Amino acid sequence: MITPTQNISPRAGLQTLTLTGLRFDANLGILDHEKTDPQPIQVDAELSLGVQPLAPRDDDIGHVLDYRRVRQIIIDECTAEHVNLLESLIGKLANRLMQLPGVLGVRVKIAKLEIFDDCEVAIRMETGQW
């Protein structure tokens, strides 16, 4: 693991893939209406890819982590089935994202946008190396 005090080659850097503000409906919650009606959530995700060259070895999407794939995994994991607890959903999602090739760490935040009139409720989880 590279720490901030260690030297990184001038041709490399620490790379993080970030998706912010991904909104969609999910079946989530313990209340009666939450068990029958999907509700809007927002997912923010950061994936630590560790030390990467400043430019990929070529301009081929097959040699990097495709953010379209990450986005679809987030949507698929969060909509696959009804989950009672936000804590359960975020753990499942973080685990799935950690399985992607080259991912060293994951930070995920899931917010329920309409649970209260005066605020959103969110859970944030961090796992792996940063």
Side-chain angles (χ1 to χ4, degrees):
M1 180 168 80
I2 301 292
T3 63
T5 58
Q6 291 177 314
N7 289 331
I8 298 174
S9 163
R11 290 187 277 263
L14 294 173
Q15 190 174 81
T16 303
L17 174 66
T18 304
L19 280 83
T20 305
L22 179 57
R23 292 177 180 236
F24 53 91
D25 290 342
N27 292 311
L28 170 66
I30 60 169
L31 302 177
D32 287 340
H33 72 277
E34 292 176 318
K35 291 183 178 184
T36 58
D37 299 323
Q39 63 180 295
I41 64 170
Q42 178 174 305
V43 178
D44 299 328
E46 295 177 77
L47 285 66
S48 172
L49 304 176
V51 177
Q52 298 290 319
L54 292 181
R57 68 179 183 219
D58 55 35
D59 205 24
D60 185 342
I61 190 68
H63 298 137
V64 297
L65 182 55
D66 187 340
Y67 50 78
R68 296 172 302 176
R69 180 176 177 209
V70 174
R71 178 186 170 274
Q72 194 60 55
I73 287 169
I74 292 170
I75 294 169
D76 291 349
E77 285 295 320
C78 292
T79 60
E81 61 187 354
H82 181 273
V83 178
N84 285 332
L85 301 176
L86 198 50
E87 292 85 351
S88 299
L89 181 58
I90 202 164
K92 182 176 121 174
L93 179 56
N95 183 56
R96 176 64 182 93
L97 293 173
M98 281 295 294
Q99 294 174 25
L100 289 169
V103 172
L104 303 177
V106 170
R107 290 182 180 133
V108 181
K109 174 185 166 190
I110 302 177
K112 294 173 78 171
L113 301 174
E114 295 180 359
I115 193 69
F116 296 116
D117 292 335
D118 57 355
C119 68
E120 71 179 38
V121 174
I123 297 284
R124 183 175 169 91
M125 179 170 281
E126 178 176 318
T127 187
Q129 299 175 0
W130 285 92

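Worth saying up front: this structure is predicted, and the values here are computed from it rather than measured.
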Taking all non-hydrogen atoms of both residues, which atom of Gly91 and which atom of Met125 are closest, and how far apart? CA-SD, 4.0 Å
For the student: nearest non-hydrogen atoms of Val83 and Ser88, plus distance: CG1-CB, 3.7 Å
State whether the number of non-hydrogen atoms from other residues, nucleotides or ligands found under 6.0 Å of Asp117 atom CG is greater than 12. no
Heavy atoms of Gln129 and Ser48 approach each other most closely as O-OG, 3.4 Å
Return the minimal non-hydrogen interatomic distance between Ala26 and Ile41, and the atom names on each side. CB-CD1, 3.8 Å
Quick one: do Ile123 and Phe24 end up in the same hydrophobic cluster if we chain Ile, Leu, Val, Met, Phe, Trp and Tyr together by side-chain heavy atoms under 4.5 Å apart? yes
Out of the candidates Leu19, Leu93, Ile90, only one should pair with Val43 under the side-chain contact (heavy atoms from CB on, under 4.5 Å) rule; please name it. Leu93
Look up atom CD in Gln42 and atom CD1 in Ile110, then write down how far apart they are to the nearest 0.5 Å. 11.0 Å
From OH (Tyr67) to OG1 (Thr18), nearest 0.5 Å: 13.0 Å
What heavy-atom pair brings Thr36 and Pro38 nearest, and what distance separates the two atoms? O-CD, 3.9 Å
Point-to-point distance, once rounded to the nearest 0.5 Å, from CG of Leu104 to CG of Leu49: 7.0 Å
CZ-CD distance between Arg11 and Gln52, expressed to the nearest 0.5 angstrom: 15.5 Å
Does Ile74 reach the side chain of Leu97, with side-chain heavy atoms less than 4.5 Å apart? yes
Worked check of side chain to side chain contact (heavy atoms under 4.5 Å, CB included) between Arg107 and Thr16: CA-CA 10 Å; Arg107 290 182 180 133; Thr16 303; over 6 Å; no
Give a yes or no on whether Val108 and Ile75 share a hydrophobic cluster (residues Ile, Leu, Val, Met, Phe, Trp, Tyr; joining criterion: side-chain heavy atoms under 4.5 Å apart). yes
Working to the nearest 0.5 angstrom, can you tell me the gap between Thr20 OG1 and Glu46 CD? 7.0 Å
More than 12 heavy atoms of other groups within 6.0 Å of Asp59 CG: no
How many angstroms lie between CZ in Arg96 and SG in Cys78, if you round to the nearest 0.5 Å? 12.0 Å
Answer yes or no: are there more than 12 heavy-atom neighbours, outside Leu54 itself, under 6.0 Å from its atom CG? yes
side-chain contact (heavy atoms from CB on, under 4.5 Å) partner of Glu34, chosen from Asn84, Ile115, Asn27, Leu28: Ile115
Does a sphere of radius 6.0 Å around CG in Asp58 hold more than 12 heavy atoms from other residues, nucleotides or ligands, not counting ones at 6.0 Å or beyond? yes
Give a yes or no answer on whether the side chain of Lys92 reaches the backbone of Glu77 with a donor-acceptor pair at less than 3.5 Å. yes
Say whether Met98 and Leu89 are linked into one hydrophobic cluster, either directly or through other cluster members, by side-chain heavy-atom distances under 4.5 angstrom. yes
Donor-acceptor contact below 3.5 Å, side chain Gln39 vs main chain Leu113: no
Could you check if a side-chain atom of Ile61 sits within less than 4.5 angstrom of a side-chain atom of Arg68, using non-hydrogen atoms only? yes
